[in-house]
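In each ligand, atom 1 is the first atom listed, and ligand 1 is the first ligand listed. What you see is a predicted model, and the numbers here were worked out from it, not measured in a lab.
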Amino acid sequence: MSGLLSQVDFGVIRRRVREFSGLTFEDDKCSAVSKAVCARMDELGLEAPDDYLKLVDAGASTEEIAALTARLTIGETYFFRNKNHWRAFDEYVVPTILEHNRSNGRRRVRVWSAACSTGEEAYTAGIALRERVAGLDGEGVEIIGTDINPESVAKARTAVYTANSFRGVPDGIRQRHFEEVAPQRYRVKDGVRSLATFRLLNLLAEGEMASMRGFDVVFCRNVLIYFDKRTARAVLGSLRRSLRPGGFLFLGHAENLHGTASELQCREVCGTFIYMRASDESAGRHDDPSETLLGEDENASRGRYVQPASPGSDSAAAATARVSGGDIIDIPSPAGPPVPNDASSTASATDHEAESLDRLGARAIECLCSGLNVDARKWLEEVLAQRPDDVTCRLGMALLLAGCGDSDAALHYCNSVLQDDPLSAEARCVTALVHEGLGSYEVARRELEKAIYLDSRFSVAYFRLALLHERMGSREAGDRALRSAIATLGDDDDQRVRLYSGGYGKEAIEQICQRRLGELALTAPSPQGRGG
Ligand SMILES: C[S@@+](CC[C@H](N)C(=O)[O-])C[C@H]1O[C@@H](n2cnc3c(N)ncnc32)[C@H](O)[C@@H]1O
């Protein structure tokens, strides 16, 4: 085959790739996908696209779709990528785990680098652990790296790297943990290499995912950005179950929980965000095998507030002591009185008799800002039952439903607000969120541009537009939007920022924008147009 796939063939192939791997390809990626298909057809000695389509669409085997997917993945990675993550790992996560192990009689630290690409992330964990814990060996630590791409996994096993993987790695680390095996080719030394094993694993494969259990730390960075929201949510549910209670999850900085998997607490540590599975078993949800990957959607709104580790607890004390200058912040930290985490939280309207609807609405919005979706929903429903025209609560409900993937209901609320107030920038922003979740990026972009037109100081609209542009491969436009987000954050309303960004505060957003700008300047354009 030469040239582009027809739109119909492109549609079939991208659907199969998405079903298999979660990777999504917009219309403008037809040429990249066509190239990969051409390469596979050459390898298989096929000339007619129809013959290739039969192979891909056969349904009986995923072998060919796996081979094609491997050609479409973006494996961008390097040692110590995202320095703040590794600071948080070193200064907070590892001490917390060691303390936990000491008090529970556990001997091993277990780390999973999910979507590890060529292994740099897994070996970085090994290096960080070796640097911190004297005499650490395979008895004391187990690191597993997995990826969907067999070539990447093979390369991870050989553990030989070139300069590209060493961006920003201090010389001392390079000398201690690598040996030059050929000019400009460095192999990870045995001490670290022996800590890590690698294997193929598809994050969407329920059976394989179910076998990954009991990890202290999971890294799943810079892969969910390639998935649609529904798939990202499902994978997040699986990752949560792979952590032991109290275990930590690292996501890429353009990735967040999308308002789901709320039994993961977000913590700001060393200037970055990490997530922790609730350590309190009573707050943690059961590992129900009937919770299938895609069934997770239904659970999306079952968020619960879990008290952060009490400051007096051993692990918190040990860990906090290692982190200088109060550099750790628990999120969510709901304003006002803590929201109870038991049956009493199902209090009905009568329990709130003394509270005006205004206060109830305000509390609902604050809960929403903090990811306490169950409580937010209950109170939003209470307010809306008595005051169906309340704009803030209708928008809050739209946001909540968008976060649960209930697009129709979310759009219903957005449209009802827009009918009353066609100039509502916030309603445009939520509408964009819903369309982005549905994969209609063009519609989402237009809605965000309308939001900005209606309110040129709406910082989160710029921020969301920037991420969307990046996803769509428009880097310059993304860059501009990031700068506008930074410029408008200062004057924007704190709560509005947290509400429409999914819980991030101004400082966090500014940091993310700054980091994205730095990274965008450094990262060469990728075939999919998204910096991986
Ligand atoms: C950009 S790299 C990220 C590497 C590393 N986590 C990091 O942040 O530096 C994304 C990786 O995700 C892998 N990937 C994509 N879809 C996957 C899936 N469904 N299951 C497992 N890995 C997947 C790709 O093969 C690629 O190696």
Ring pair (Phe, Tyr, Trp, His ring centres under 6.0 Å) between Y123 and F198, intermediate numbers included: CA-CA 11 Å; Y123 289 126; F198 294 91; 5.2 Å; yes

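- Taking only nitrogen or oxygen atoms, main chain and side chain alike, Y78 does not reach within less than 3.5 Å of ligand 1.
- Aromatic ring centroids of Y504 and F463 lie 6.0 Å or more apart.
- Geometrically, ligand 1 and Y226 share no nitrogen or oxygen pair separated by less than 3.5 Å.
- Residue I148 touches ligand 1 through backbone and side chain together, judged by heavy-atom distances below 4.0 Å.
- Contacts between T69 and ligand 1 below 4.0 angstrom, taking non-hydrogen atoms only, are absent altogether.
- Listed by atom number, the atoms of ligand 1 under 4.0 Å from T73 heavy atoms are 24 (C), 25 (O).
- Below 3.5 Å of separation, one finds no N or O of C116 facing any N or O of ligand 1.
- Ligand 1 has no atom lying under 4.0 Å from any heavy atom of S152.
- Residues passing the side-chain contact (heavy atoms from CB on, under 4.5 Å) test with S165 are F79, E120, Y161, sequence neighbours excluded.
- The side chain of F227, and not its backbone, has at least one atom closer than 4.0 Å to an atom of ligand 1 (non-hydrogen atoms only; side chain from C-beta on).
- Using a 4.5 Å heavy-atom cutoff, the side chains of F25 and I13 are not in contact.
- The backbone N or O of G11 lies less than 3.5 Å from no partner atom in the side chain of R14, so there is not a single donor-acceptor pair.
- With a 4.0 Å cut-off on non-hydrogen atoms, R221 touches ligand 1 through its backbone as well as its side chain.
- Only the side chain of V223 comes within 4.0 Å of ligand 1, judged by heavy-atom distances.
- Between A115 and ligand 1, an N or O atom pair is found at a separation short of 3.5 Å.
- A search for side-chain contact (heavy atoms from CB on, under 4.5 Å) contacts involving S440 returns H435, L438, V443, not counting sequence neighbours.
- Ion pairing between K29 and E26 fails under the 4.0 Å rule for side-chain N and carboxylate O.
- Here is the list of ligand 1 atoms found below 4.0 Å of a heavy atom in L203: 18 (C), 19 (N), 20 (N), 21 (C).
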Working for side-chain hydrogen bond (donor to acceptor under 3.5 Å, both in side chains), residues R471 and Y441: CA-CA 9 Å; R471 270 201 115 171; Y441 294 161; 2.7 Å; yes

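- The residue from T231, T77, V17, I74 that puts a heavy atom closest to atom 2 (S) of ligand 1 is I74.
- Between E208 and R199 no salt bridge is recorded (no basic side-chain N to carboxylate O distance below 4.0 Å).
- Heavy atoms of T118 come nearer than 4.0 angstrom to ligand 1 in no pair at all.
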